[in-house]
Amino acid sequence: IVAILIVVPLAVLLSPRTAQFRATFRKKCQAFPETSQRCEDILRTFEEAYFGKDSCNFPEEAYHQLFVKNPFIHSCYKTMFWSGTKDLVHQFTEKRDNFITLEGTLLGHIMNDLTWCGRKGTQETFIYFCEECKMNPVSAFWVRASAEFANYSCGHASVMLNGEISKPFDPTSYFGSIEVRKLMYPRVQSLTVILVTKNNNVDCSHESLQVLRNILDPEISLYCHSVKE
Ligand code: C8R
């Protein structure tokens, strides 16, 4: 009985979840009327990236076709980045159409909150134990997507940072290690930090914003406002 109690749930966890994953993917893809006719094609291109591959040392280049075939179509000057403020930034941008986050774009919206991976010798999607290695199909997707999103941005960009953590700007985050480094003058003219705090005891003089200034292209103006949550 003990063996059954262990083996059966494990077998369920390790079995392919292709149909379930596809249903979720299609549903989220349909939310974009302008591309809803192409969802099957988008799904196929997406699956080609990881089908038959193991999760570890997964190359971000695997998603090259996905981004070539589905370029961004939003206004590049509305770009809103974030780090450590995922829920807050989406509450903020939901009500405003002058800002767009990666999750407001087709691929970012579909992949947000999903986990997926393949396995050698199968043409299936698995959804458990996919993120055990540093570079896995999920992290590789966000590496590629954040680089594409930042490369596409233009004009006056914004970023919402968390004033309640020790490093509101963390050079090892996706924002700090990928997006900031892709912002180049004159395509991007300024970056405005929205530093969110709970009780105003953190402000824009925070040392971690100096680190941001030092990494950002010197010709790009850096502005900052601290706001109370
Ligand atoms: N970006 C990165 N990671 C994202 C993401 C996204 O749009 N969307 C989701 N769901 N994730 P963090 P960060 C997941 O540490 O590292 C882009 C990934 O699984 O708070 O600076 C976006 O454009 C990832 O592991 O922030 C944004 O500007 C965590 O959420 C930065 O990069 C990352 O959350 C945010 O990445």
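One-based numbering, in listed order, for ligands and for the atoms of each.
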Report, one line per pair, each donor and acceptor closer than 3.5 Å where one atom sits in a side chain of residues 177-184; sequence neighbours left out.
unit_1 : atom_1 : unit_2 : atom_2 : d
S177   : OG     : S173   : O      : 2.7
R181   : NE     : G176   : O      : 3.1
R181   : NE     : S177   : O      : 3.4

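A single hydrophobic cluster is not seen to contain both V159 and V89; linkage of ILVMFWY side chains at heavy-atom distances under 4.5 Å, directly or through other members, places them apart.
For ligand 1, the 4.0 Å heavy-atom shell takes in F81, W82, S83, G84, K86, L102, E103, N112, W142, S146, F149, S173, Y174, F175, E179, ordered by chain and residue number.
Taking the ring axis of F92 as reference, the NZ or CZ atom of R96 stays within 45° of it and closer than 6.0 Å to the ring centre. R119 forms a cation-pi arrangement with F126, by the criterion of a distance under 6.0 Å to the ring centre and an angle within 45° of the ring axis.
Atom NZ of K28 sits in a crowded spot, with more than 12 heavy atoms from other residues, nucleotides or ligands closer than 6.0 Å.
Of the candidates S146, S153, S158, F81 forms a side chain to side chain contact (heavy atoms under 4.5 Å, CB included) with just one, namely S153.
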